[in-house]
Amino acid sequence: MYKKDKQCALFFAQVGHDLRQPLQALMIYLDLFDTNSFSPKQKVLWQKIVKSAGSLKMMLTNVLDFSKVEFGGVKACKHHVNIGVLLSDLGQEYTTVAEVKNLDFEYFVCNCSVQTDNILLERILRNLLSNAFKFAKNKVSIVCHEYTDKIIISVTDDGIGIHKDDMPHIFEEFYQGKNLQVSNNDGAGLGLAIVKKIADILNIKIKVSSTVNEGSVFTITLQKK
């Protein structure tokens, strides 16, 4: 890593540390409110504050994750990873998210393992699931299929879809497609850029298929050897 890159990485690390603490405190304080005593108007305002705080937390996390990857601060530590266990844990967690958002959510796991970095692979899947839940109208699913030489995991939503002109650019940092600009998207355009960079580190292939107003399918392929 060049000296300038090290300085940038240290800067983001320090900024992240300084911002995470007050943001975490804010989230804790919001949880302490007794919303049962709120008037309907106060509840609406409180929900907007919570949503804004959550969006800020997500954007901060993405910016810091992107800076780590961009400046060489992320290294893969590959080991034996049970894909079934990972997807089952994520499936149970996002089932709760689906209930809150009133969405149908299905997850199908496979009893298989690969040599990869568990933390980085989970980061990819979390970003893809977060995007799917953000844009879905009614349904999200994550499915695993095992083959002789590979494992394919697909994340599907029935959301706004991606315009064909945007497809070549969706993994670029800070890129906002046509459909995203007119939706309630409150991201910084870094989620998919992080996914692509981590996938490159892990040598994972990503494919996307999408139809406007019908939804998208993000597929990642992990080689067994």
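Each residue takes its place number in the sequence, starting with 1. Given the structure is predicted, the values throughout are model-derived calculations rather than measurements. Side-chain atoms are counted along with the backbone in the values below, which use heavy atoms only and exclude waters and symmetry mates.
Here Lys137 does not pair with Glu214 in a salt bridge; the nearest charged N to carboxylate O distance is not below 4.0 Å. Between Lys196 and Glu172 no salt bridge is recorded (no basic side-chain N to carboxylate O distance below 4.0 Å).
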**Q.** Working for side-chain contact (heavy atoms from CB on, under 4.5 Å), residues Ile206 and Val195
**A.** CA-CA 9 Å; Ile206 303 180; Val195 165; 3.4 Å; yes

(Q) Run Phe108 and Ile142 through side-chain contact (heavy atoms from CB on, under 4.5 Å) and show every step you take. (A) CA-CA 6 Å; Phe108 300 94; Ile142 180 168; over 6 Å; no

Q: Please lay out, stage by stage, how His79 and Asn118 fare under the test side-chain contact (heavy atoms from CB on, under 4.5 Å).
A: CA-CA 8 Å; His79 53 277; Asn118 183 67; 3.6 Å; yes

Q) Passes side-chain contact (heavy atoms from CB on, under 4.5 Å), Ile201 versus Asp117? Steps please. A) CA-CA 10 Å; Ile201 292 173; Asp117 187 304; over 6 Å; no

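Leu90 is not connected to Val143 by any chain of hydrophobic side-chain contacts under 4.5 Å among Ile, Leu, Val, Met, Phe, Trp and Tyr, and they are in different clusters. Both Phe171 and Ile124 belong to a single network of hydrophobic side chains, linked directly or stepwise wherever heavy atoms of I, L, V, M, F, W or Y lie under 4.5 Å apart. Hydrophobic clustering of Ile, Leu, Val, Met, Phe, Trp and Tyr side chains at less than 4.5 Å, counting indirect connections, unites Phe105 with Val97.
Cys110 has its SG atom within less than 2.5 Å of the SG atom of Cys144.
For the atom pair CG of Leu86 and CG of Leu125, the computed distance is 6.0 Å after rounding to the nearest 0.5 Å. Rounding to the nearest 0.5 Å places CG of Leu128 at 10.5 Å from CZ of Arg123. Here the NZ-CG distance, from Lys205 to Leu222, works out to 11.5 Å after rounding to the nearest 0.5 Å. Taking SG of Cys112 as the start and CG of Leu87 as the end, the distance is 8.0 Å to the nearest 0.5 Å. Atom CD1 of Ile160 is separated from atom OG of Ser216 by 8.0 Å, given to the nearest 0.5 angstrom.
The closest side-chain heavy-atom distance from Phe135 to Asp158 is not below 4.5 Å. In this structure, Ile83 and Val114 have side chains that are in contact, with non-hydrogen atoms separated by less than 4.5 Å. At a threshold of 4.5 Å between non-hydrogen side-chain atoms, the residues Thr219 and Val217 count as touching. Side-chain contact check for Ile220 versus Ile152: every heavy-atom pair is 4.5 Å or farther apart. Taking 4.5 Å as the limit, some side-chain heavy atom of Val208 sits within range of a side-chain heavy atom of Ile170. Using a 4.5 Å cut-off on side-chain heavy atoms (C-beta onward), Tyr107 and Thr95 make contact. Counting only heavy atoms from C-beta outward, the side chains of Lys150 and Lys224 never approach each other to under 4.5 Å.
In this structure, Lys207 places its NZ atom where only 12 or fewer heavy-atom neighbours from other residues, nucleotides or ligands lie under 6.0 Å away. Heavy atoms from other residues, nucleotides or ligands lying under 6.0 Å from NZ of Lys101 number 12 at most. Within a 6.0 Å sphere centred on CG of Asn82, other residues, nucleotides and ligands contribute more than 12 heavy atoms. For Ile119, the CD1 atom sits in a loose shell: 12 or fewer heavy atoms of surrounding residues, nucleotides or ligands are nearer than 6.0 Å.
For the pair Arg126 and Tyr94, the tightest heavy-atom approach, listed with the atom from each and the gap, is O-OH, 3.6 Å. The minimum heavy-atom distance between Ser210 and Gly215, with the atom names listed, is OG-O, 3.0 Å. Listed here is the closest heavy atom pair of Gly159 and Asp157: N-OD1, 2.7 Å. The heavy-atom pair separating Phe38 from Gln42 by the smallest distance is CA-OE1, 3.4 Å.
Residue Ile204 forms a side chain to side chain contact (heavy atoms under 4.5 Å, CB included) with just one option from Leu120, Ile198, Ile153, Leu121, and that option is Leu121.
Gln92 and Ser88 form a side-chain donor-acceptor contact under 3.5 Å, judged by distance and modelled atom types alone.
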